[in-house]
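Throughout, protein chains are lettered first and strands after them, A, B, ... in sequence-line order, and every chain is numbered starting at 1.
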There are 2 protein chains.
Amino acid sequence: MPTTAISMDEELAILAKALGHPARVRIIQFLAKRSSCMCGDIVDELPLAQSTVSQHLKVLKDAGLICGDVDGPRVCYCIEPSALKRLKTLITALPSPISSPHKVCRSA
Amino acid sequence: MPTTAISMDEELAILAKALGHPARVRIIQFLAKRSSCMCGDIVDELPLAQSTVSQHLKVLKDAGLICGDVDGPRVCYCIEPSALKRLKTLITALPSPISSPHKVCRSA
DNA sequence: TTCTCTTATCGTAAAATTACGATAGGATGC
DNA sequence: GCATCCTATCGTAATTTTACGATAAGAGAA
């Protein structure tokens, strides 16, 4: 049911992009540390408005990195372990460059 | 000499953001596969204008993931192995969530 | 020098991101 | 019912990203 069967490039790009903001990295770390689901405690943890945090949560959710369950009046977020694992796999799979074919670059 | 001594959150966010575009993922893969430095062959590899590719290369360079050496009339890009390694380390270091404290989320 | 090749930068426009306050909507408690 | 709490969404504005063509700048060849 994927829209067009996305490539590995796109998949990695989507996951990496979702992590491409300090606030979202901290959210992931917070959720992982708390291990469990959490809700708006994340808002207290970040120097951001509630609506902004909600937006970041949506980005992470759209990327599949987290999921949210309604738990009474509040929402319980937790990491999607398979997605995080997938990200680790894709990053690790990036081939390490074979050392210096002629000369390694030095300056920019 | 870091601007303010960036945190690990920011460091990971910067690296992840740089990878957060399919074109840039493909550039990294291409450079790693070629192992060695490369120049505007990257332009031929991507369905993008030369100026756009140059912009993507700049993003990767600013993030420290690649470097470019002038080699006569052309520029020789290559992966900065330490930065790629650092990214792998930071991603891998993301704590895996401790399994289900009460109940794992199911739907979004 | 002049011409050519390669790459970076400029200028621009469209789209996406980031952030906020304000508001709506759903669930619980009174 | 009504009030309250929590979260998502709306509306908005400033900034950034993405993309392109056009142009400049550097190096080598004729």
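Distances from the side chain of B:Val75 to the nucleotides C:dA22, C:dT28, C:dT7 place C:dT7 closest.
Both B:Lys58 and A:Thr52 sit near DNA chain C, but only B:Lys58 has its closest nucleotide nearer the 5' end. The residue among A:His56 and A:Gly72 whose nearest nucleotide of DNA chain C is located toward the 5' end is A:His56.
B:Arg74 places its CZ atom 16 Å from the C1' atom of C:dA8, with the value rounded to the nearest Å. With rounding to whole Å, A:His21 atom NE2 is found 11 Å from D:dT16 atom P. Between the NZ atom of B:Lys17 and the P atom of C:dT17 there is a distance of 10 Å, given to the nearest Å. Between the C1' atom of C:dA19 and the CG atom of A:Leu57 lies a distance of 15 Å, rounded to the nearest Å. Between the P atom of D:dT16 and the CD1 atom of B:Ile14 lies a distance of 14 Å, rounded to the nearest Å. With rounding to whole Å, B:Asp71 atom CG is found 12 Å from D:dA27 atom P. Separating the CZ atom of A:Arg24 from the C1' atom of C:dA19 is a distance of 12 Å, rounded to the nearest angstrom. A:Ile42 places its CD1 atom 9 Å from the P atom of D:dA8, with the value rounded to the nearest Å.
For the pair B:Ile91 and A:Lys88, the tightest heavy-atom approach, listed with the atom from each and the gap, is O-CE, 3.5 Å. Among all heavy-atom pairs drawn from A:Leu57 and A:Tyr77, the shortest one is CD1-CE1, 3.5 Å. B:Lys61 and B:Gly68 make their closest contact through CD-N, 4.2 Å (heavy atoms, listed as atom of the first residue, atom of the second, distance).
Two different hydrophobic clusters hold A:Ile79 and A:Val59 under the rule that ILVMFWY side chains link at heavy-atom gaps under 4.5 Å.
At D:dT7, none of the side-chain N or O atoms of A:Ser54 fall inside 4.0 Å of OP1 or OP2 (strictly under the cut-off). At the phosphate of D:dC6, neither OP1 nor OP2 sits under 4.0 Å from any side-chain N or O atom of A:Tyr77.
No hydrogens or angles were tested; on distance alone, a donor-acceptor pair under 3.5 Å links the side chain of A:Gln50 to the base of D:dA8.
At a threshold of 4.5 Å between non-hydrogen side-chain atoms, the residues A:His21 and B:Lys17 do not count as touching.
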